[in-house]
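Written below as structure tokens is the structure these notes are about.
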Amino acid sequence: MTEAFLGVDAGTSGIKVCAFTREGRLVAKAHRTVPVVTPYPLWAEIDLDRYWAATADAIREVAARVPTIVSIGLATTCPTTILLDEEGQAIRPGILYLDGRAQARLEDVVGADAEADVQQTGNRASTSTCWAANLAWIRENEPAAWAKVRRVTMLNGFLARRLSGWDGIEPTQASYSGLMRIVDPKPSWSRDLLARWGLDAAILPEISGCTDMIGRVTDEASSLTQIPAGTPVALGAADTAAASFAVSLMDSGEVFESVGTSGVITFCLDRPDFEPSFLHRHHIVPGRWLAHGAMSTLGGAFGWLNNKVWPELKTLAELERLAQESVPGANGLLFLPYLAGERSPVWDAEASGSWLGLLLRHSRQDMVRAVFEGTTFGLRQILERGSAKWGKRPERMLSVGGGARNKFWGQMKADVLKLDYIMSDMPDAAALGAGLLGAIAAGLFTGSDDSELPLISANATAIRPGSQRTIETYDRMFKIFDAAYPQLRDLMHALADRSSGPYADEEARPRLGVRATG
């Protein structure tokens with residue numbers, strides 16, 4: 001009978017549950033989609049009961065195919081702010097990293113200079129890296145909900161609670177709280193930063209290790225998932241951190257790309273030398289840090305095309321076929337991929353997407369290709385900033401995730417980024433990383449010797465940059481892309497819709513400039 005460890009990759013819009021053998025071989029996989037709820041401008045939430053039901057259903061499907069599961073580890077989208085009551089039940093929907101409603105409150109507390117907060121917390125002040133701002137927003141705008149709060153956790157803590165009866169938090173998710181100084185080698189909550197936000201440390205879990213066993217599968221969870229009661233559960237880590245562990249990103253200057261709803265280029269650091277346009281966190285590996293250049297809707301842009309723009313096109317492959325009918329440079333058409341605001345490198349919750357240069361001569365093929373190219377130009381901005389900051393420009397880059405198996409897009413990335421692009425044979429890096437963390441917690445591996453772990457290696461054939469003419473075309477278009485956002489920023493902000501939502505009435509709205517102390 002095959003023994004397997006389970007990795008749960010709980011993403012923004014989908015959940016993957018994968019079972020791996022001790023050798024790292026994928027033996028079963030299930031996927032469920034979950035909707036992002038956007039009831040008002042700048043809001044992005046998930047229905048937590050629905051999310052758990054989908055997760056449990058996917059686990060049950062895998063368990064039916066692999067009867068001997070020895071452990072469960074979690075990797076989740078980050079941050080997702082979740083409030084629990086005295087019974088451990090979710091009080092309201094989870095607030096995703098895409099949500100920008102608390103940005104004004106954040107600026108009230110930390111000031112308008114978002115980059116200055118890098119000195120305090122290790123990250124610039126944004127709702128993607130400071131979920132304390134979401135807590136302040138809820139406290140001021142939803143006081144009835146806030147009165148019930150007994151615990152704050154992230155998505156892996158929530159799922160761990162449903163599986164084992166215990167929640168918690170670990171360093172990779174705590175790094176995005178705005179409540180700790182991640183320059184410190186040992187993760188801990190900061191009294192000064194808690195006071196800054198008027199928060200009581202009693203509502204926060206103690207920071208656990210990513211490989212700690214948070215609990216064991218309960219009888220109730222076992223009946224839902226068919227995983228045997230008593231199976232060890234590890235909190236795991238944020239999804240990109242888990243993927244970093246799975247690809248053995250351990251040494252300073254190493255880099256890789258992960259592609260899902262968002263897209264991230266990650267650098268490994270051996271000291272906390274931070275770049276303000278990146279997100280920074282503790283690595284799973286002690287004494288290392290991760291620097292993420294993160295685009296919010298790299299892969300999400302294609303889901304938007306499929307679901308909202310041309311719903312008759314059902315898959316990424318259909319979009320790719322259209323894009324191939326255009327030419328490099330999309331006949332002079334440019335796309336800005338800021339469909340949910342943007343993180344790296346512009347850091348603007350009110351940035352918006354657009355096609356620039358649209359003319360009667362342009363076709364749908366040009367429009368689709370421009371989306372492929374625009375997302376890739378965003379990656380080039382990130383790579384160039386990281387390379388300039390840390391003095392190391394990679395000659396090759398491994399890519400993992402659902403969008404990393406697209407050869408057309410891979411060739412485009414090789415041409416735009418000017419490096420050898422390697423598409424991993426293992427697209428489920430975050431799930432593997434999560435599973436390994438659970439397996440270490442269960443004692444299947446010691447965790448002290450990397451050589452015993454079935455980590456992902458860059459052994460696939462690299463896609464090399466193509467013709468010089470194509471590269472020159474992309475260089476020209478990239479210069480326009482790089483200049484576009486600064487010139488359009490004020491217009492994007494003028495178009496941002498602040499006129500709707502439950503707190504649009506400024507007279508009825510709490511005064512956000514007053515710092516609450518409750």
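In this text, all values refer to a predicted model and were calculated from it rather than measured experimentally. Scope of the values below: all heavy atoms of this structure, side chains included, with no hydrogens, waters or symmetry mates.
A ring-centre distance under 6.0 Å is found for Trp137 and Trp43. Aromatic ring centroids of Trp409 and Phe302 lie under 6.0 Å apart.
In this structure, OG1 on Thr127 lies 14.0 Å from CZ on Arg105, to the nearest 0.5 angstrom. Remark: Leu179 CG to Ile182 CD1 distance equals 12.5 Å, nearest 0.5 Å. With values rounded to the nearest 0.5 angstrom, Asp482 atom CG is found 7.5 Å from Glu384 atom CD. Rounded to the nearest 0.5 Å, atoms CD (Glu45) and OG1 (Thr80) are 11.0 Å apart.
With Thr231 contributing its side chain and Val217 its backbone, the two residues share no donor-acceptor pair below 3.5 Å. At distances below 3.5 Å, at least one donor-acceptor pair connects side-chain atoms of Ser344 with backbone N or O atoms of Ala294. Not one N or O on the side chain of Ser258 forms a donor-acceptor pair closer than 3.5 Å with the backbone of Thr240. Under a 3.5 Å cut-off, the side chain of Thr153 and the backbone N or O of Gly168 do form a donor-acceptor pair. Remark: the backbone N or O of His280 is paired with a side-chain donor or acceptor of Asn123 at under 3.5 angstrom. Under a 3.5 Å cut-off, the side chain of Glu170 and the backbone N or O of Thr172 do form a donor-acceptor pair. At least one donor-acceptor pair under 3.5 Å links the side chain of Ser126 to the backbone N or O of Ser128.
Annotation: Trp166, atom CH2; neighbour count of heavy atoms from other residues, nucleotides and ligands within 6.0 Å does not exceed 12.
Nearest heavy-atom pair across Phe158 and Ala90 is CE1-CB, 4.3 Å. For the pair Thr77 and Asp239, the tightest heavy-atom approach, listed with the atom from each and the gap, is CA-OD2, 3.4 Å. Nearest heavy-atom pair, Ser244 versus Leu290, reported as atom, atom and distance to 0.1 Å: OG-CD1, 3.7 Å. Annotation for Ala58 and Arg32: closest pair CB-CG, 3.8 Å, computed over non-hydrogen atoms. A pairwise comparison of heavy atoms in Ala234 and Leu437 identifies CB-O, 3.9 Å as the closest pair.
Ion pairing between a basic and an acidic side chain is recognised when a charged N comes within 4.0 Å of a carboxylate O; Lys389 and Asp273 show such pairing.
Ring pair Phe267/Trp390 is tilted by interplanar angle, where 30° to 60° counts as tilted.
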Evaluate side-chain contact (heavy atoms from CB on, under 4.5 Å) for Cys268 paired with Arg288, printing each intermediate quantity in order. CA-CA 7 Å; Cys268 183; Arg288 294 288 188 271; 4.0 Å; yes
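Between His292 and the choices Ile382, Val264, Ile265, the side-chain contact (heavy atoms from CB on, under 4.5 Å) rule is met once, by Val264.
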